[in-house]
Every structure is written in structure tokens, then in C-alpha cells.
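By convention here, the first residue in the shown sequence is residue 1.
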Amino acid sequence: MSEFYLVAKIISVWGKKGFVRISSFSDFPERFLKLKKVYIDFFGEKKEFSVEKIEFFKNSYNLKFANFNSDEDVEILIGKDVFVDESDLIQLPEDTYFVHDLIGSKVVYRDKEIGIIKDIFNYPANDVYSVVNNENKEILIPAIKDAIENFDNENKILKIKSEFELFDEDEI
């Protein structure tokens, strides 16, 4: 069974020739220029769509799928999520991870587990990890090199530098 990874959402029809405009969730939107196939979810089942053509126009990517040749053909796709399988995942630079790698990871600070990463917020300066502790309290941790000692992707453990002043000891 293949795993699927969310990369975009179809937001509108574009033009009259069967193109759709997408909103990219990727930090590497140029990835769309190389795609030959994507998967779209219909009632919990991923259906494969062949990408026939890709256009970049005014900071947006527009896709045309094989056998979809008019705006009427693609209307059913509006609002659908676009996925890729593992073969189309991009190779990330060293010390860079996919969101799905980080979500669910244990977070350790000063040799103590402080919670689990539940979400990642993308802000202009840097990403922020939303960590939920045993009392269901949220702890926000900046995703910066000054704070992160290392991430063990295999065991899903994010270790915060002990010298990083994250919060008062009585808060955790």
C-alpha cells in the first residue's frame, strides 16, 4: 500500500481548456514542474490523475490533467486536496524534514519528555512547533538552530538544547 503526501489544494478553474489553479503547501513549489502524476481524494480513496501540462502564471501553478478538457470537466475537482506518493517526494536538504516526519514526535528538554508535536505553524521568521504536554497544555517552540539540538527521525524524538531558555522549570 502506498503512502500519500499532501502537497496542494485545487482552488479554482483556470481558463477554458481544463486547467485548475492550485494552492501549494510545499516549501518547494517548483516541484510541480516535474510531476507526471498526482492523486486526488474521492470519498477516502486516492485516484491517480496524469498531469498533461503545467503552467506558472502570476505566482500560481496551474495544472491540466489528461482527459479534462474544459472548465466544466474540472469543476468537480475544486476544493480537492492534491497528493503525491513516495516516489514523487522531493529530496530535502540535510537537517530539513517533512511536516509528517515531525508530527507525533516526542520532545525532550533537559533529559525530560515535555510533550508531543501536534502541529507546526509557518511564520515569516521561522516555523514554530506546537507541543502538547500530559496536561494538554500547549508549548510553543521556535524551529531554529539555536533551540534544536537534534531530531532523530527514525525514533521520532526532537531534542531541545538544554542551554536554550525555553521556559521556567515550573512551567513543564
Next item on the list: Please answer: with hydrophobic residues joined when any side-chain heavy atoms are less than 4.5 Å apart, are V51 and Y5 in the same cluster?
Entry: yes
Check: Looking at I40 and I10, what are the two nearest heavy atoms and their distance?
Finding: CD1-CD1, 3.8 Å
Item checked: Cation-pi geometry met for K80 and F43 (6.0 Å, 45°) -> yes
Checklist line | Atom of A143, atom of N126 and distance for their closest heavy-atom approach | finding: N-ND2, 3.8 Å
Item checked: Test log, rule side-chain hydrogen bond (donor to acceptor under 3.5 Å, both in side chains), inputs K64 and N69 -> CA-CA 8 Å; K64 179 170 181 330; N69 300 312; 2.9 Å; yes
Checklist line | Hphob cluster co-occupancy, F68 + W14, side-chain heavy atoms under 4.5 angstrom | finding: no
Notebook entry, point to check: Under the criterion side-chain hydrogen bond (donor to acceptor under 3.5 Å, both in side chains), which of K17, E55, R21 is the partner of N62?
Noted result: R21
Note to self: Is there a continuous path of hydrophobic side-chain contacts, each under 4.5 Å between heavy atoms, that joins V132 to V108?
What the structure shows: no
Notebook entry, point to check: V20 versus F65: any side-chain heavy-atom pair under 4.5 Å?
Noted result: yes
Next item on the list: Using a cut-off of 6.0 Å, state whether more than 12 heavy atoms not belonging to I76 lie near its atom CD1.
Entry: no
Notebook entry, point to check: Where is the tightest heavy-atom contact between K161 and D146, given as atom of each residue plus distance?
Noted result: CD-O, 3.4 Å
Check: Between atom CG of D152 and atom OG of S105, what is the distance when rounded to the nearest 0.5 Å?
Finding: 9.0 Å
Next item on the list: For the residue pair F42 and F49, categorise the inter-ring angle as parallel (less than 30°), tilted (30 to 60°) or perpendicular (more than 60°).
Entry: parallel
Checklist line | Joint cluster assignment, V7 & F19, ILVMFWY side-chain distance < 4.5 Å | finding: no
Checklist line | Of V107, I120, D119, the residue whose pairing with L102 passes side chain to side chain contact (heavy atoms under 4.5 Å, CB included) | finding: I120
Checklist line | I117 CD1 to I103 CD1 distance, which is reported to the nearest 0.5 Å | finding: 7.0 Å
Checklist line | Joint hydrophobic cluster, V74 plus I11, side-chain heavy atoms closer than 4.5 Å | finding: no
Notebook entry, point to check: How long is the gap from CZ on F32 to CG on L63, to the nearest 0.5 Å?
Noted result: 7.0 Å
Next item on the list: For the residue pair I139 and Y109, establish whether any side-chain heavy-atom pair is separated by less than 4.5 Å.
Entry: no
Check: Around K37, counting heavy atoms of other residues, nucleotides and ligands shown, do more than 12 lie under 6.0 Å from its NZ?
Finding: yes
Notebook entry, point to check: What do you reckon, is NZ of K156 surrounded by more than 12 foreign heavy atoms closer than 6.0 Å?
Noted result: yes
Item checked: Short side-chain to backbone donor-acceptor contact, K106 and N155, under 3.5 Å -> no
Margin query: Quick check: closest heavy atoms across A8 and I22, and the distance to 0.1 Å?
Written below: CB-CD1, 4.0 Å
Margin query: As an exercise, state the distance from CD of E75 to OG of S12, rounded to the nearest 0.5 Å.
Written below: 11.0 Å
Check: How long is the span from the CD1 atom in I141 to the CG atom in L158, to the nearest 0.5 Å?
Finding: 6.5 Å
Checklist line | F121 and Y123 aromatic ring geometry - parallel, tilted or perpendicular at 30°/60° bounds | finding: tilted
Next item on the list: Please name the pair of heavy atoms, one in E52 and one in N67, separated by the smallest distance, quoted to 0.1 Å.
Entry: OE1-N, 4.1 Å
Item checked: Heavy-atom pair of closest approach, residues A147 and P142 -> CB-O, 3.8 Å
Notebook entry, point to check: Would you say the side chain of F151 lies within less than 4.5 Å of the side chain of I157, judging by non-hydrogen atoms?
Noted result: no
Margin query: For a 4.5 angstrom cut-off between non-hydrogen side-chain atoms, does I160 reach I148?
Written below: yes
Check: Does the side chain of L33 come within less than 4.5 Å of Y61's, by heavy atoms?
Finding: yes
Check: Quick check: are there more than 12 heavy atoms from other residues, nucleotides or ligands sitting under 6.0 Å from CD of E154?
Finding: no
Notebook entry, point to check: Under a 4.0 Å N-O cut-off, is there an ion pair linking K47 with E45?
Noted result: yes
Margin query: To the nearest 0.5 Å, what is the distance between CZ on F164 and CD1 on I144?
Written below: 4.5 Å
